[in-house]
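Only this structure's heavy atoms are used, side chains among them; waters, hydrogens and symmetry mates stay out. When a ligand or atom number is given, it counts from 1 through the structure's own listing order.
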Amino acid sequence: MPIEKTFSIIKPEAVKNKISGKIISMFEDNGFTILAQKKISMTQDQARHFYAVHKDRPFYNDLVKFMTSGPVIVQVLEKENAIADNRSLMGATNPSEAAEGTIRKDYGTNVEANAVHGSDAPDTAQSEIAFFFSGLEFTG
Ligand code: CMP
């Protein structure tokens, strides 16, 4: 299987609740290499742009408000089959529907405050990484 990069966000409630270290351990325990990582506070414009695909959904404004409510940790993760494997590790979008042992089951609060975001496909992984990181920030 190909080595892939995927983009991840540890969301504001997880950072605020000081469980980012536990989530990072789950990535590493499951074979992901953290190529790049930084703590940022997303601006309204960044959050609106990042989630533009959802702009017509009823939850869009609340989602932007939530994602700008506190610092997040953005990451580039790498492993074989990283995109699909990270989606399995994260679990279902709604923590109440997520399987046992997944990040959202263990650490998510509700469908909005669901601990993590992960890219859903190779093209989105590439554009999401480029939105937050310069290639100069990657270390093997
Ligand atoms: P994420 O992977 O970050 O991508 C879009 C986000 O929208 C999703 O995770 C959820 O946290 C958020 N969201 C908020 N409300 C809903 C909803 N009703 N259905 C789906 N996603 C939602």
Side-chain angles (χ1 to χ4, degrees):
M1 270 184 280
I3 300 279
E4 292 177 336
K5 293 177 183 52
T6 193
F7 175 74
S8 166
I9 304 176
I10 303 179
K11 294 191 179 186
E13 96 284 10
V15 173
K16 187 171 162 207
N17 293 336
K18 300 192 185 298
I19 51 172
S20 57
K22 291 191 168 83
I23 292 172
I24 291 166
S25 288
M26 283 180 84
F27 290 133
E28 294 189 326
D29 290 348
N30 282 276
F32 291 87
T33 296
I34 296 165
L35 282 191
Q37 173 169 273
K38 58 189 173 186
K39 188 175 186 180
I40 63 164
S41 293
M42 262 195 228
T43 64
Q44 288 274 330
D45 278 355
Q46 283 173 329
R48 287 194 168 275
H49 182 94
F50 184 78
Y51 281 119
V53 68
H54 298 302
K55 68 179 179 352
D56 297 325
R57 307 285 288 274
F59 57 82
Y60 178 67
N61 285 335
D62 284 342
L63 177 61
V64 169
K65 199 168 164 192
F66 169 65
M67 292 300 290
T68 56
S69 67
V72 298
I73 295 172
V74 290
Q75 302 171 303
V76 181
L77 307 178
E78 185 177 76
K79 79 184 280 294
E80 274 187 6
N81 204 36
I83 297 163
D85 284 3
N86 186 35
R87 291 187 71 78
S88 301
L89 179 60
M90 289 192 300
T93 304
N94 191 334
S96 68
E97 293 163 11
E100 291 297 329
T102 61
I103 295 173
R104 286 169 169 163
K105 177 73 177 181
D106 287 357
Y107 301 120
T109 304
N110 56 50
V111 72
E112 181 177 78
N114 60 356
V116 281
H117 164 85
S119 306
D120 62 2
D123 57 337
T124 47
Q126 203 176 11
S127 62
E128 289 176 357
I129 289 169
F131 187 62
F132 284 106
F133 288 95
S134 129
L136 297 173
E137 294 173 281
F138 294 14
T139 53

Could you list the atoms of ligand 1 found under 4.0 angstrom from a heavy atom of N114? 9 (O), 10 (C), 11 (O)
Does R104 reach ligand 1, in the sense of a heavy atom lying below 4.0 Å from it? yes
Return yes if some donor-acceptor pair links the side-chain N/O of R87 with the main-chain N/O of G118 below 3.5 Å, else return no. yes
Does NZ belonging to K38 count more than 12 external heavy atoms closer than 6.0 Å? yes
Among all protein heavy atoms, pick out the one at the shortest distance from atom 4 (O) of ligand 1; state its residue, atom name and that distance to 0.1 Å. Y51 CE2, 3.5 Å
Just need the protein heavy atom nearest to atom 6 (C) of ligand 1, so name the residue and atom and give the distance. L63 CD2, 3.8 Å
At what distance is the nearest protein heavy atom to atom 10 (C) of ligand 1, and which residue and atom is it? V111 O, 3.0 Å
Here's one to test your reading of the geometry: is the NZ or CZ of K55 within 45 degrees of the ring axis of Y60 and under 6.0 Å from its centre? no
For K11 and ligand 1, answer yes if some heavy atom of the residue is under 4.0 Å from a ligand atom, otherwise no. yes
Heavy-atom nearest neighbour in the protein, as seen from atom 14 (C) of ligand 1, with distance rounded to 0.1 Å: F59 CD1, 3.6 Å
How about Q37: does its CD atom have over 12 heavy atoms from other parts shown lying under 6.0 Å from it? yes
Among protein heavy atoms, which lies nearest atom 2 (O) of ligand 1, and at what distance? H117 ND1, 3.1 Å
In terms of hydrophobic clustering (I, L, V, M, F, W, Y; side-chain heavy atoms under 4.5 Å; direct or indirect links), are I9 and L35 co-clustered? yes
Using distance alone, determine whether R57 and ligand 1 share an N or O pair under 3.5 Å. no
Does some non-hydrogen atom of F66 fall short of 4.0 Å from ligand 1? no
Do T43 and D45 have side-chain atoms, one donor and one acceptor, less than 3.5 Å apart? no
With only distance considered, is G118 within less than 3.5 Å of ligand 1 through an N or O on each side? no
Mark yes or no for whether E137, through its side chain, and S134, through its backbone, hold a donor-acceptor pair below 3.5 Å. yes
Any chance you could measure I10, atom CD1, to N17, atom CG, to the nearest 0.5 Å? 12.5 Å
heavy-atom search around atom 8 (C) of ligand 1 in the protein gives T93 CG2, 3.9 Å
